Amino acid sequence: MSVLVLVEHTDGNIKKKSFEAVQYAAEIAKKTNTTATALVLGTIADSELENLGTHGVQKVLHVADEKLNELHARAYASALIAAAQKEGSKIIIALHDINGKAVAPRVAVKLKAGLVSGALSYPDLDKGFVLKKAVFSGKAFAFVNITSDVKVITLMANSFPLAPGSGKASIERLDVTFGDKDFGIKVKSVDKVTGEVSLADAELVVSGGRGMKGPENWGLIEDLAKELGAATACSRPVADAGWRPHHEHVGQTGGTIRPNLYIAVGISGAIQHLAGVNGSKVIVVINKDPEAPFFKAANYGVVGDAMEILPKLTEAVKKFKQHK
Ligand SMILES: Cc1cc2nc3c(=O)[nH]c(=O)nc-3n(C[C@H](O)[C@H](O)[C@H](O)COP(=O)(O)OP(=O)(O)OC[C@H]3O[C@@H](n4cnc5c(N)ncnc54)[C@H](O)[C@@H]3O)c2cc1C
């Protein structure tokens, strides 16, 4: 009856947000008097798998098929179902990201399970199995009770701080018989973003909007991000215009992030943009228009020209680091 969690990795390195999901699964296991098991797919070293024990799982099931190094939603779902059946799992957890959103609904349908996508809380067991999630583009919260026997959850990243312990997980290989259609979609090419702080995992993000005027000014955003050790993001029109790559676009139709600090520069704060960032712990807005809607969602605001403020802010961060 183990709580089962799907773990993601990039080229054999477990993603930070997956450690968070593992910790979340382990905490739910504790609350429901059971154990937690992690499922890992594809090529990865045992030493990396053992690490998962430090975040609370007792066991790791590893399906070492190299075809699973790339996302195949049907195959991932088949592996998750096989693992759930092996462990007798009634609670199954994945991340609320591209992979989790593709896999969890398939698993839920196959296992006739209730699904809460984008959970922000542990289940309230006094009220049944009630989870908090954001709705209406983050304008409100819903509290959803899963009443089915099997329950599937996708967890919003950066909802809980990591607190690693010292446990070590045992590793078991799992053989899964895949169906004809499981690898029906052919991945023709993969574009990997390298050498940058990953936006999904970033604790600090500097983001630019149309107020930056053009790609030639992005050095100002990058300089500040580099000084802070932050990832860079942007509003949708900026990505649509080709000023920045699409993986940086956040909002309703882009990525959803929950960093500790989100610095929005020259972004008006449209509801569709806020939908992707309003879970950030602290929001700083830099905008020359004091009436820009983003100021209403900000913890701190600077009214002024980004072209003047950004170099000064970068310089101030540099000086602050020197005197630390
Ligand atoms: C269905 C749908 C989905 C959408 N999804 C998304 C989404 O996922 N993400 C998203 O971002 N948008 C999304 N949008 C678009 C959204 O509605 C806004 O149009 C968009 O967010 C505006 O981007 P912006 O703030 O960069 O540009 P603008 O609205 O043009 O704002 C630019 C801001 O920069 C300020 N500014 C100008 N010059 C300076 C300066 N020198 N210094 C400082 N500030 C300056 C201005 O005062 C202004 O507030 C969506 C829209 C629709 C209809």
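Atoms within each ligand, like the ligands themselves, are counted from 1 in listed order. Just so it is clear, the model here is predicted, and its values are computed rather than measured. All heavy atoms count here, side chains included; hydrogens, waters and symmetry mates do not.
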- Task: Select the closest option to atom 44 (N) of ligand 1 among Lys288, Arg236, Glu291, judged by heavy-atom distance.
- Result: Lys288

- min-distance protein heavy atom vs atom 30 (O) of ligand 1 -> Arg210 NE, 2.9 Å

- Query: Are any of the heavy atoms in Gly276 under 4.0 Å away from ligand 1?
  - Reply: no

- Query: What protein heavy atom sits nearest atom 36 (N) of ligand 1, and how far away is it?
  - Reply: Gly211 CA, 3.6 Å

- Any salt bridge between Asp124 and Lys127, counting N to O under 4.0 Å? yes

- When you check the gap from the basic side-chain N to the acidic O, do Lys281 and Glu203 get nearer than 4.0 Å? no

- Item | Proximity of Ala270 to ligand 1 by residue part, where a heavy atom lies under 4.0 Å | side chain

- Pro237 heavy atoms, cut-off 4.0 Å: which ligand 1 atoms fall inside? 20 (C), 22 (C), 23 (O)

- Item | Side-chain ion pair, Glu20 and Lys15, N-O less than 4.0 Å | no

- Decide whether the shortest distance between a heavy atom of His249 and an atom of ligand 1 is less than 4.0 Å. yes

- Message: Closer than 4.0 angstrom, basic N to acidic O: yes or no for Glu222 and Arg244?
- Response: yes

- Query: Given that the side chain starts at C-beta and the backbone is N, CA, C, O, which of these parts of Val238 lies under 4.0 Å from ligand 1, counting heavy atoms, or is it both or neither?
  - Reply: neither

- Note on the structure: Closest to atom 5 (N) of ligand 1 among protein heavy atoms sits Thr253 OG1, 2.8 Å

- Nearest to atom 17 (O) of ligand 1, what protein heavy atom do you find, and at what distance? Gln272 OE1, 2.8 Å

- Query: Of all the non-hydrogen atoms in the protein, which one sits nearest to atom 48 (C) of ligand 1, and at what distance?
  - Reply: Asn287 ND2, 3.8 Å

- Any Lys/Arg nitrogen of Lys86 or Glu172 sitting under 4.0 Å from an Asp/Glu carboxylate oxygen of the other? yes

- Query: Where's the contact between Met212 and ligand 1, heavy-atom distance under 4.0 Å: side chain, backbone, both or neither?
  - Reply: neither

- Query: If you measure from each heavy atom of Val250 to ligand 1, is any distance below 4.0 Å?
  - Reply: yes

- Message: Any atom of ligand 1 sitting under 4.0 Å from a heavy atom of Ala275?
- Response: no

- Task: Examine His273 together with Phe294 and report whether their ring centres are nearer than 6.0 Å.
- Result: yes

- Message: Looking only at the side chains, is there a donor atom on one of Thr232 and Glu248 sitting less than 3.5 Å from an acceptor on the other?
- Response: yes

- Query: So is there a nitrogen or oxygen of Gly266 less than 3.5 Å from a nitrogen or oxygen in ligand 1?
  - Reply: yes

- Item | Partner residues of Glu315 under the side-chain contact (heavy atoms from CB on, under 4.5 Å) criterion, sequence neighbours left out | Lys318

- Task: Could you list all the ring-ring contact (aromatic ring centres under 6.0 Å, His included) pairs where at least one residue sits in residues 1-27, not counting sequence neighbours?
- Result: Phe19-His55, Tyr24-Tyr122, Tyr24-Phe160

- Which option out of Lys213, Gln252, Met307 puts a heavy atom nearest to atom 1 (C) of ligand 1? Gln252

